[in-house]
Amino acid sequence: MKIGIFDSGLGGLMILRKLARQLPQYDYLYLGDTKNLPYGNKSQAQIYKLAVRTVEHMFKQDCALVVIACNTVSSEALRKLQQDYLPHSRFKGRKILGIIRPTVETIGNIRRVGLIGTRQTVASGAYRRELENIDPDVKLFAVATPALVDLIEAQRLNRTVEPLKIYLRPLIANRIQALILGCTHYGLIRKQIRAGLPKNVKIIAQEDLLSGKLESYLKRHPEIQSQLGKSGKIILEVTKLNPGYSKLAKKWFGKHVHLSASNNR
Ligand code: DGL
């Protein structure tokens, strides 16, 4: 069986690239729901409906677990997927994991944390809730950054510099010690974000932390780990193909990895 990675678009590919380097033995299925992107401006009900469809498709393709790399889906639909969908589906023994809890678990001694994410991620309060569970004394300063995803998907990375100046200003004024990149896409503009922040502000990027978290999860869950195929195969699917994605997939995963349009949805 496979490990599934679900994102709304391109961003999650960065997470998969790291996983494939750090846990190369496993088989992976990546699903980017590019046809329905951006998720960040959709209602909770719309996000849940799309997420059920995608997760189901991934389970049908033999994923033992699906990691929801998308912060928007993790914020708005993870709990409902785990509590309402999974126990009543025909995939009961499978797992659905989110990205928010593992992210906030890495903040260590940091007391003033900044967050950038989509409108829905910020409005959901999911990061605030998870942080409060871990340490109620941590202060979170969150800013929705809705202009970024479309620019990143269009691969106009340097066009994010100006909007970033405006988005980061209140966070810098609040003297944050670390900034969570609370959207898979933002890893692609890490350079631009770094340049807009004071040097002492640490960047918390999910592609840096997920492999370690997944590895320790699989150690704690041998019943899942033992079901996983170990031939290092990677399947990449998007719901709407475009030449830019194919080029990027080849660049990151090599010529032999093929990006195809998902046919089952
Ligand atoms: N990839 C999504 C996330 O991590 C955001 C992109 C979108 O709006 O679809 O939040």
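In listed order, ligands and their atoms are each counted from 1. In this chain, numbering begins with 1 at the start of the sequence shown.
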- request: Decide whether the shortest distance between a heavy atom of Gly9 and an atom of ligand 1 is less than 4.0 Å.
  value: no

- prompt: What do you reckon, does Gly40 have a nitrogen or oxygen under 3.5 Å from a nitrogen or oxygen of ligand 1?
  reply: yes

task: Show the numbers, then the answer: is there a salt bridge (Lys or Arg N to Asp or Glu O under 4.0 Å) between Lys18 and Glu207?
output: CA-CA 6 Å; Lys18 274 282 175 77; Glu207 65 269 19; 5.9 Å; no

query: Hey, does the side chain of Asp7 reach the backbone of Gly12 with a donor-acceptor pair shorter than 3.5 angstrom?
result: yes

Under 3.5 Å, sequence neighbours excluded: what are the donor-acceptor pairs made by side chains of residues 19-26?
unit_1	atom_1	unit_2	atom_2	d
Gln22	OE1	Ser211	OG	2.9
Tyr26	OH	Gln225	NE2	2.9

- prompt: For ligand 1, is any non-hydrogen atom under 4.0 Å from Asp7's backbone (N, CA, C, O), its side chain (CB onward), both, or neither?
  reply: side chain

statement: closest protein heavy atom to atom 5 (C) of ligand 1 is Cys183 SG, 3.3 Å

task: Give the ring-plane orientation class for Phe59 versus Tyr85, where under 30° counts as parallel, over 60° as perpendicular and anything between as tilted.
output: parallel

field: Distance-only polar pair, side chains of Gln206 and Asn71, donor-acceptor under 3.5 Å
entry: yes

query: Below 3.5 angstrom, do we get any N/O pair linking Thr72 and ligand 1?
result: yes

field: Atoms of ligand 1, numbered as shown, that sit under 4.0 Å from any heavy atom of Cys70
entry: 1 (N), 2 (C), 3 (C), 4 (O), 10 (O)

- line: min-distance protein heavy atom vs atom 6 (C) of ligand 1 -> Ser8 OG, 3.3 Å

query: If you measure from each non-hydrogen atom of Asn71 to ligand 1, which part falls under 4.0 Å: side chain, backbone, both or neither?
result: both

- prompt: For Pro163, does its backbone N or O pair with a side-chain atom of Arg159 as donor and acceptor, under 3.5 Å?
  reply: no

- line: If we number the atoms of ligand 1 from 1 as shown, the ones under 4.0 Å from a heavy atom of Val149 are 6 (C)

field: Which segment of Thr184 sits under 4.0 Å of ligand 1 when only heavy atoms are counted
entry: both

query: Could Arg128 and Glu132 be called an ion pair, given the rule that one side-chain N must be under 4.0 Å from one carboxylate O?
result: no

message: Check this for me: Asn133, atom CG, are more than 12 non-hydrogen atoms of other residues, nucleotides or ligands nearer than 6.0 Å?
response: yes

task: Any atoms of ligand 1 less than 4.0 Å from a non-hydrogen atom of Thr118? List them with their elements.
output: 5 (C), 8 (O), 10 (O)

